[in-house]
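The structure under discussion appears below in the form of structure tokens.
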2 protein chains.
Amino acid sequence: MRADRRDLPPTTSNSLRLTGTSYAVLTLLHHLGEATPYDLKQALERSIANFWPVPHTTFYAEPERLQQGGYLTVRQEAGGRKRKLYALTPTGEAALREWADSPEVSRSQLRDEGTLKIFAGADPRVIFTQQRQWRAQKLIELEGYLDNLRDSEHAAAIRATLLTGIAYERALIEMIDRFLSEGSSFLQDADASARPLDAKG
Amino acid sequence: MRADRRDLPPTTSNSLRLTGTSYAVLTLLHHLGEATPYDLKQALERSIANFWPVPHTTFYAEPERLQQGGYLTVRQEAGGRKRKLYALTPTGEAALREWADSPEVSRSQLRDEGTLKIFAGADPRVIFTQQRQWRAQKLIELEGYLDNLRDSEHAAAIRATLLTGIAYERALIEMIDRFLSEGSSFLQDADASARPLDAKG
DNA sequence: GCTTGATAGTTCGTCCCGTACTATACAGAT
DNA sequence: ATCTGTATAGTACGGGACGAACTATCAAGC
């Protein structure tokens, strides 16, 4: 009989698991200095939300967790909304650096209800038309953030993130336009789309 | 004083919420007829996994839920692994059709730790190089599924899904290659990337 | 009949998300 | 001064989703 996980010693109190979302919070705090959950939410929307969506409620729960793990400090306003102001501790700073400096990343993943509907038999043109609109809209939004980006110590990283998002949206809009002009041949004839690209790496 | 949600009548017993993952399961069963959780997992990997990832454990839990809601039937093998075989009920079939036929879809969303690291200051070249490899690999995988796709009632939808995945990966590989050959100008100079595209719709 | 690797299924804890809700601030109307 | 609407800010909570770790079955080759 093999050892059961319940035979293992209990995990020590402050070893909480750091997820991608944890690092998103740590990075935002690194950029902003001391900040409230609401500040974090705002900053995320203007930078990494396109590649790492975080619902606003998480910005209230997650810093709490991180603070309990010793990665953040808190202090609370006396009056008014009694907002909580979080900031990185040296531990938090170190954890962030260690993660950011290691080259391993988990695989990119996509969640796209439109393609799920195509899989279920929906008309691809309807889905793609909708998506083109959203992507064009998002593209404008990201370009706006880029134009309003102010110089700071971290502007280069934010800029790189925004440029990546812009390139991503453009690439997909191009792809959609190609499909929409090809019409239904996309669906009927697999060989109609030439394959000049394929894998090099 | 406003009405509290606890004043509302309790939700009826079989109104369970159908999520995207629920519809993925329903669609797979529609394609496969009667199937085990393992069958579902396999079929997903060869079709929609690229746009709607589902961990294998979900294929054991989710059909159970759906069956309790009256969307599926179950029967269990007598001996051996006692596998459970699920199939759509008319209710399930109807729910699937209703969903697939309505044009509304939630927004596509991406979860990409690589870009999160770029946001945290990592070198984009390292990240993009890694991603190019994965995408090239995925492209080959998807092309393999397409080549081995057998004719069936539902082949057109599966084909459309695979072609969408292939076009998606190609578009992003092109984008990455463009970046990698441009070198660091991407990072230094926002105007270096011309903008012939932008929003039409 | 044993070993090995592929196939198949389960348990569990926690993360994470969305919905709905509450509360505060402030500007303009009355 | 108070009311009303809107933007800003924060909270509660239930349950879906996820992934690590594990167990079990089967088929093939020796």
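Scope of the values below: all heavy atoms of this structure, side chains included, with no hydrogens, waters or symmetry mates. A note on names: the letters A, B, ... follow the listed sequences, proteins ahead of strands, and every chain is numbered from 1.
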Minimum-distance nucleotide to A:Thr57 side chain [options: C:dG18, D:dG10, C:dT11] = C:dG18
request  = Can you figure out which of D:dG19, C:dC17, C:dC16 approaches the side chain of A:Glu62 most closely?
outcome  = C:dC16
key: Atom of B:Ala157, atom of A:Phe119 and distance for their closest heavy-atom approach   = CB-O, 3.4 Å
request  = Considering non-hydrogen atoms only, spot the tightest contact between A:Ala120 and B:Arg97 and give its length.
outcome  = O-NH2, 3.5 Å
Starting from [atom2] on [N], measure out to [atom1] on [X] and report it in whole angstrom.
X        : N      : atom1 : atom2 : result
B:Tyr60  : D:dA17 : OH    : P     : 17 Å
A:Lys41  : C:dC17 : NZ    : P     : 15 Å
A:Gln76  : C:dT24 : CD    : P     : 13 Å
A:Glu64  : C:dC15 : CD    : P     : 13 Å
A:Arg111 : D:dG16 : CZ    : P     : 15 Å
B:Arg65  : D:dC18 : CZ    : P     : 13 Å
B:Arg17  : D:dC13 : CZ    : P     : 17 Å
A:Gln109 : D:dA17 : CD    : P     : 13 Å

request  = Return no unless some side-chain N or O of A:Thr58 is found under 4.0 Å from OP1 or OP2 of C:dC17.
outcome  = yes
task = Measure the CG-CZ distance between B:Leu142 and B:Arg135 for me, rounded to the nearest 0.5 Å.
result = 11.0 Å
note = Exactly one of A:Lys138, A:Glu141, A:Glu45 clears side-chain contact (heavy atoms from CB on, under 4.5 Å) with A:Asn50, and that residue is A:Lys138
ask   = Between A:Asp39 and B:Gly20, which has a closest nucleotide on DNA chain D that is more 5'?
value = A:Asp39
request  = Indicate, with a heavy-atom threshold strictly under 4.0 Å, whether B:Thr21 touches base, sugar-phosphate, or nothing.
outcome  = sugar-phosphate
message = Any N or O donor-acceptor pair under 3.5 Å from the base of C:dT10 to the side chain of B:His56?
response = yes
inquiry  = So for B:Thr19 and D:dG16, does any side-chain atom that can act as donor or acceptor lie under 3.5 Å from a complementary atom in the base?
reply    = no
ask   = Do B:Leu72 and B:Leu26 touch side chain to side chain, with heavy atoms closer than 4.5 Å?
value = yes
